[in-house]
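What follows is a single structure, written as structure tokens, with notes after it.
Labels below follow one simple rule: chain letters A, B, ... track the order of the sequence lines, proteins then strands, and each chain is numbered from 1.
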Amino acid sequence: MDFNNKLKYWYLQNNRELPWRKTKNPYHIWLSEIMLQQTRVAQGLPYYLKYIEAFPTVFDLAEASEEKVLKLWQGLGYYSRARNLHFTAKYVANELNGEFPTSYKELLKLKGIGDYTASAIASICFNEAAAVVDGNVYRVLSRYFGVATPINSTKGIKEFKELAQTLIDLDEPGVYNQAIMDFGALHCKPQKPLCDQCHIADSCVALEKGLVGTLPIKEKKIKVRKRYFNYLVLKTATGYTILNERKGKGIWQGLYEFPLVETQKSIETLEELVNCEDFQELSLNNTSISLFNEKEIVHKLSHQHLYTKFWVIELEKHAQANISWDVIKEYPVPVLIDKFLTNFQKNKI
DNA sequence: AAGGCGGGGGC
DNA sequence: GCCCCAGCCTT
């Protein structure tokens, strides 16, 4: 049997039952593929179900507010995916009459759709022989064929795409693509792969040469930056606070947060906080300020560690405090803020 | 070509 | 602590 038939045979017996596997509706497939970028199936699945329910068609998604789209995405991370998703939904609904493009080449032009996602949609929905290369495919191919080219180098990306393209099943490209990904996710896993019960182990180069633990090869490690956040949680006597939308390029674009005082190192005293320029700009006088979390909260992103303190500020009124505590949970916020809100409101009762 | 972008889970 | 996850976009 060929490599592709062996994988399809494995898939026949071992595939996961997932909601997006019951359909070829490009809207559903697109939604699932965007959500699963750099995301485990277990984490993405509940979001997929929420989205299908809230936005049954691409028109529903197109008509939704950006805030609603981000709110339902809250917690899934990489929020540019949600913004691009919304942009593309509007484009497909308004410019393409709700019909997704039907080829790899055309799909690739849509915002938020790269090589992987265009290949996935084209193969699954339209039977086009476009090979997907995701983290699973890199691992399976590098091990089975003993390819040591770094998977995140320009050369490696090209090489693995070409190799994958020579292997794809021409009759059922969509099934084959999902088969190799499921095989990578469930069987040829990063840690503790199931080599002793693998049906293609006899022709696996990595197993033969003892390279299963070292392949695939990835170069460059990301550096983690430390940041020190102080959030000013206002509480007016009438029950209002301030939330700001994060703009610009950094993390959490489009999400909301309390007024932020960022410093170069951890703030230890109230006096230090009050002397910060960003604090003084809010002109808070006659207030009572207390530190909510005695122990700094460390919120870890893949490339930043955020050392965070929440300062609760009670005051009579404030010109900018226009968000009622009653509706604060309707705003899309980072997980860091959401966890605080849960704790804060629990303690109050 | 390199860097930025979340959050969770496994070990 | 480190690595990885159905990657993409910007510079």
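Among the nucleotides B:dG7, B:dA1, C:dA6, the one closest to the side chain of A:Asp134 is C:dA6. Residue A:Arg81 has its side chain nearest to B:dG6 when only C:dC8, C:dC9, B:dG6 are considered. Comparing C:dG7, B:dG7, C:dA6 against the side chain of A:Gln37 picks out C:dG7 as the nearest. Counting only heavy atoms from C-beta on, A:Lys218 has its side chain closest to C:dC4 among C:dG7, B:dG8, C:dC4.
Between A:Tyr79 and B:dG7 there is a side-chain N or O to OP1 or OP2 distance below 4.0 Å. Under 4.0 angstrom from either OP1 or OP2 of B:dC5 there lies no side-chain N or O belonging to A:Gln253. OP1 or OP2 of B:dG7 has at least one side-chain nitrogen or oxygen of A:Trp252 nearer than 4.0 Å. OP1 or OP2 of B:dC5 sits under 4.0 Å from a side-chain N or O of A:His303.
Inter-residue side-chain proximity for A:Asn177 and A:Val175 is flagged as unmet; no heavy-atom pair is nearer than 4.5 Å.
For B:dG4, the base has no donor-acceptor partner in the side chain of A:Ser302 [N/O atoms by modelled type, under 3.5 angstrom]. Side-chain atoms of A:Arg40 come within donor-acceptor range of the base of C:dC4, with a qualifying N/O pair under 3.5 Å. Taking 3.5 Å as the limit, the base of C:dA6 and the side chain of A:Arg139 contain no donor-acceptor pair of atoms between them. At a cut-off of 3.5 angstrom, counting only N and O atoms as typed in the model, there is no donor on one side facing an acceptor on the other between the side-chain of A:Gln191 and the base of B:dG10.
Comparing the same atom, P, in B:dG4 and in C:dA6 gives a spacing of 24 Å after rounding to whole Å. C:dC8 and B:dG8 are spaced 23 Å apart, taking the P atom of each and rounding to whole Å.
Ring orientation note: the planes of A:Tyr27 and A:Phe100 are tilted relative to one another, at an angle of 30° to 60°. Ring pair A:Trp10/A:His187 is perpendicular by interplanar angle, where above 60° counts as perpendicular and below 30° as parallel. Classified by interplanar angle (parallel below 30°, tilted 30° to 60°, perpendicular above 60°), the ring pair A:Phe340/A:Phe258 is perpendicular.
In a base pair of the Watson-Crick type (N1 to N3 plus N6-O4 or O6-N4) or a G-U wobble (N1-O2 and O6-N3), with each distance short of 3.5 Å, B:dG6 is matched with no nucleotide.
The CD atom of A:Gln178 sits 13 Å away from the P atom of C:dA6 (whole-angstrom rounding). Here the C1' atom of nucleotide B:dA1 and the NZ atom of A:Lys155 are 16 Å apart, to the nearest Å. As a whole-Å value, the separation of A:Lys300 NZ from B:dG8 P is 13 Å. When rounded to the nearest whole Å, the span between CG of A:Asn136 and C1' of C:dC5 equals 8 Å. If you take CE of A:Met181 and C1' of C:dG7, they are 12 Å apart, rounded to a whole angstrom. Rounded to whole Å, the distance from OH on A:Tyr48 to P on C:dC5 is 23 Å. Whole-Å rounding puts the A:Lys223 NZ to B:dG4 P distance at 9 Å. Remark: C1' of C:dG7 and CD of A:Gln38 are 5 Å apart, rounded to the nearest angstrom.
No contact: A:Asn177 has no heavy atom under 4.0 Å from any strand. Among the heavy atoms of the strands lying under 4.0 Å from A:Leu76 is at least one base atom, whether or not backbone atoms are also near. Contacts of A:Arg16 with the nucleic acid, taken as non-hydrogen atoms under 4.0 Å apart, include base atoms. Here A:Ser80 lies out of heavy-atom contact (under 4.0 Å) with every strand. Heavy atoms of A:Gly44 sit nowhere under 4.0 angstrom from any nucleic acid atom. Across all strands shown, A:Trp73 has no heavy atoms under 4.0 Å from either base or sugar-phosphate atoms.
A salt bridge is defined here as a Lys NZ or Arg NE, NH1 or NH2 lying under 4.0 Å from an Asp or Glu carboxylate O, and A:Asp134 with A:Arg139 fails to meet this definition. Salt-bridge check for A:Lys68 with A:Glu66: failed, with every basic side-chain N at 4.0 Å or more from each acidic carboxylate O.
Aromatic rings from A:Tyr176 and A:Phe183 are positioned such that their centres are separated by 6.0 Å or more.
Taking the nucleotide of DNA chain C with the nearest heavy atom to each of A:Lys111 and A:Thr39, the more 5' of the two is matched to A:Thr39. Remark on DNA chain C: of its neighbouring residues A:Thr117 and A:His305, the 5'-side contact belongs to A:His305, judged by nearest-heavy-atom nucleotide.
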